[in-house]
Participant: 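Next up is a structure, given as structure tokens.
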Amino acid sequence: MDDRDRFLQAFRSLDRADFLEGPVKSMADEDHPLPIGYGQTISQPSLVLLMTRLLDPRPDDKVLEIGTGSGFQAALLAQLAGTVHTIERIPQLSAAASARLERLGCRNVVCHVGDGSDGLPGEAPFDRIMVTAAAARMPDALLDQLAPGGRMILPVGQRWLQDLRIVDKTPDGRVYERNYESVVFVEFVGRYGFG
Ligand code: SAH
């Protein structure tokens, strides 16, 4: 199976409706961001797929996601990587996501409640890191927790418009960054937010 198939097959095996509640459930197939409660949103499916492809997780990778939200992105990553650790600051969202992931049989996702600004020092390093909330600048701890040869993807910029940034750390520890395209995410709350 080539890589394109690997990502698409994982994506198609998920039903976005399983990650939504209430009236928006019926809009699950539309390619729009949708509300998940507490002022937060789930991204449009095309962006979830794009970010997953850009992150390029491999089967044995240890992945960190900041911003569990509904758990949809974590469920997708879980099919493509070894272990996924995901952090969410809103306990109710984390609990709901965790229950969904368990119901769907995603056994390799660990949900953490807390501020993702510091990453997860006890679990680092991570081969892949994905941030799904908009930061004003790069969270230093996350860069430190990225393994040599690893890749991180995150929206960085202003409150209502960010660059989707790809950060590569070479095996000898050099860091290369490039911006892929413009995106709009909800705010990364805390030290790396917009104050
Ligand atoms: N990946 C999610 C969508 C994330 S929306 C999905 O697939 O549904 C962004 C999430 O980031 C929100 O749930 C928000 O509460 C969370 N968030 C924002 N700032 C955070 C922080 N500092 N630490 C952890 N989570 C944070």
Side-chain angles (χ1 to χ4, degrees), residues 7 10-11 13-22 24-25 27-55 57 63-81 84-101 103-104 106 109-121 123 126 128-143 145 152-157 159-160 162 164 183-195:
F7 293 117
F11 188 74
S13 75
L14 293 175
D15 183 352
R16 194 170 176 239
D18 288 338
F19 297 83
L20 295 166
E21 303 291 341
V24 294
K25 228 177 179 17
M27 296 161 77
D29 291 337
E30 295 178 19
D31 198 23
H32 300 298
L34 291 170
I36 55 172
Y38 305 91
Q40 309 304 319
T41 55
I42 181 173
S43 298
Q44 61 273 38
S46 56
L47 183 55
V48 172
L49 182 58
L50 173 69
M51 286 178 67
T52 306
R53 278 194 168 133
L54 291 174
L55 192 70
V63 178
L64 174 65
E65 181 197 25
I66 312 293
T68 313
S70 68
F72 182 62
Q73 176 73 73
L76 181 56
L77 291 170
Q79 296 186 56
L80 299 158
V84 178
H85 288 268
T86 180
I87 314 178
E88 171 57 53
R89 62 179 285 276
I90 300 175
Q92 295 90 331
L93 285 179
S94 180
S98 174
R100 282 182 195 118
L101 291 163
R103 201 160 54 234
L104 294 170
C106 286
V109 181
V110 186
C111 293
H112 304 257
V113 177
D115 182 351
S117 306
D118 296 323
L120 279 180
E123 291 289 346
F126 296 96
R128 298 287 188 264
I129 299 177
M130 183 189 285
V131 181
T132 62
R137 60 198 167 85
M138 170 100 76
D140 311 309
L142 300 186
L143 190 55
Q145 290 171 27
M152 167 156 71
I153 178 161
L154 74 167
V156 190
R159 190 184 288 268
W160 303 116
Q162 304 93 38
L164 188 55
V183 288
V184 182
F185 274 83
V186 293
E187 180 177 1
F188 189 125
V189 176
R191 299 206 291 294
Y192 299 100
F194 301 97

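Each ligand, and each atom within it, is numbered from 1 in the order the structure gives. Start at 1 with the first residue, then count along the sequence.
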Participant: Glu187 heavy atoms, cut-off 4.0 Å: which ligand 1 atoms fall inside?
Facilitator: 18 (C), 19 (N)
Participant: Measure Ile90 to ligand 1 on non-hydrogen atoms and call it side chain, backbone, both or neither using the 4.0 Å cut-off.
Facilitator: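 Within the 4.0 Å criterion, Ile90 contacts ligand 1 through side-chain atoms alone.
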Participant: Is a side-chain donor or acceptor of Ser98 paired with a backbone partner of Ser94 at a separation under 3.5 angstrom?
Facilitator: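 Not confirmed, Ser98 side chain does not pair with Ser94 backbone.
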Participant: Answer side chain, backbone, both or neither: which part of Glu65 comes under 4.0 Å from ligand 1, heavy atoms only.
Facilitator: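 Under 4.0 Å from ligand 1, Glu65 contributes side-chain atoms alone.
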Participant: Starting from atom 23 (N) of ligand 1, find the nearest protein heavy-atom neighbour and note its residue, name and distance.
Facilitator: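 For this ligand atom, the closest protein heavy atom is Gly116 N, 2.7 Å.
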Participant: To the nearest 0.1 Å, how far is atom 11 (O) of ligand 1 from its closest protein heavy atom, and which atom is that?
Facilitator: Gly67 CA, 3.2 Å
Participant: Please identify which atoms of ligand 1 are closer than 4.0 Å to at least one heavy atom of Asp115.
Facilitator: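 Going through ligand 1 atom by atom, the ones under 4.0 Å from Asp115 are 21 (C), 22 (N), 23 (N).
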Participant: Looking only at protein heavy atoms, which one is nearest to atom 25 (N) of ligand 1, and how far off is it?
Facilitator: Arg89 N, 3.3 Å
Participant: State the CD-CG distance between Gln145 and Asp118, to the nearest 0.5 angstrom.
Facilitator: 8.0 Å
Participant: Which residue and atom name correspond to the protein heavy atom nearest atom 16 (C) of ligand 1, and how close is it?
Facilitator: Glu88 OE1, 3.4 Å
Participant: Quick check for you: to the nearest 0.5 Å, what is the distance between Leu142 atom CG and Leu64 atom CG?
Facilitator: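 Leu142 CG to Leu64 CG: 6.5 Å, rounded to 0.5 Å.
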Participant: Could you tell me which atoms of ligand 1, counted from 1 in the order shown, lie closer than 4.0 angstrom to a heavy atom of Ile87?
Facilitator: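 Result: 24 (C), 25 (N).
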Participant: Just to verify, which of Ile36, Leu34, Leu104 counts as forming a side chain to side chain contact (heavy atoms under 4.5 Å, CB included) with Phe19?
Facilitator: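 So the option named by the test is Leu104.
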Participant: Does this structure show an ion pair linking Glu21 with Arg100, if we count only N-O contacts that are shorter than 4.0 Å?
Facilitator: yes
Participant: Which of the numbered atoms in ligand 1 are below 4.0 angstrom from a heavy atom of Gln73?
Facilitator: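 Within the 4.0 Å cut-off of Gln73, ligand 1 contributes 1 (N), 7 (O).
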Participant: Which residue and atom name correspond to the protein heavy atom nearest atom 14 (C) of ligand 1, and how close is it?
Facilitator: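 Ranking protein heavy atoms by distance from atom 14 (C) of ligand 1, first comes Gln40 OE1, 3.3 Å.
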Participant: Who's closest to atom 24 (C) of ligand 1 heavy-atom-wise, of Gly119, Gly114, Ala135?
Facilitator: Gly114
Participant: To the nearest 0.5 angstrom, please state how far the CD atom of Gln40 sits from the CG atom of Leu93.
Facilitator: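 CG of Leu93 is found 6.5 Å from CD of Gln40.
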Participant: Do any heavy atoms of Thr86 fall under 4.0 Å from ligand 1?
Facilitator: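 No, that is not the case, since the closest heavy atom of the residue is not under 4.0 Å from the ligand.
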Participant: Could you pull out the closest heavy-atom pair between Ala74 and Thr86, with the gap in Å?
Facilitator: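 So the two residues come closest at CB-CG2, 4.3 Å.
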Participant: About how many Å separate CG of Asp140 and OH of Tyr192, when rounded to the nearest 0.5 Å?
Facilitator: 4.0 Å
Participant: Is it the side chain (CB and beyond), the backbone, both or neither of Val186 that lies under 4.0 Å from ligand 1, heavy atoms counted?
Facilitator: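 For Val186, only side-chain atoms sit under 4.0 Å from ligand 1.
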Participant: What distance separates Glu123 CD from His85 NE2, expressed to the nearest 0.5 Å?
Facilitator: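 Reported to 0.5 Å precision, the distance equals 3.5 Å.
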Participant: Which residue supplies the protein heavy atom nearest to atom 8 (O) of ligand 1, what is that atom called, and how far is it?
Facilitator: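 Among all protein heavy atoms, the one nearest atom 8 (O) of ligand 1 is Ser70 OG, 2.6 Å.
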Participant: Between CD of Glu65 and CG of Leu76, what distance do you get to the nearest 0.5 Å?
Facilitator: 10.0 Å
Participant: Could you tell me which atoms of ligand 1, counted from 1 in the order shown, lie closer than 4.0 angstrom to a heavy atom of Thr68?
Facilitator: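 Those atoms are 1 (N), 2 (C), 6 (C), 8 (O).
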Participant: What is the closest protein heavy atom to atom 19 (N) of ligand 1, and at what distance does it sit?
Facilitator: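 Here the nearest protein heavy atom works out to Val189 N, 2.9 Å.
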Participant: Just heavy atoms, cut-off under 4.0 Å: does Leu93 contact ligand 1 by side chain, backbone, both, or neither?
Facilitator: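 Leu93 to ligand 1: side-chain contact only, backbone stays beyond 4.0 Å.
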Participant: For atom 5 (S) of ligand 1, what is the closest protein heavy atom, and at what distance to 0.1 Å?
Facilitator: Thr41 O, 3.1 Å
Participant: Strictly distance-based, threshold 3.5 Å: is any side-chain N or O of Arg89 a donor or acceptor partner for the main-chain N or O of Gly114?
Facilitator: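 Not at all, since once roles are kept as given, no pair shorter than 3.5 Å links the two residues.
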Participant: Under 4.0 Å between a side-chain nitrogen and a carboxylate oxygen: does that hold for Asp18 and Lys25?
Facilitator: no
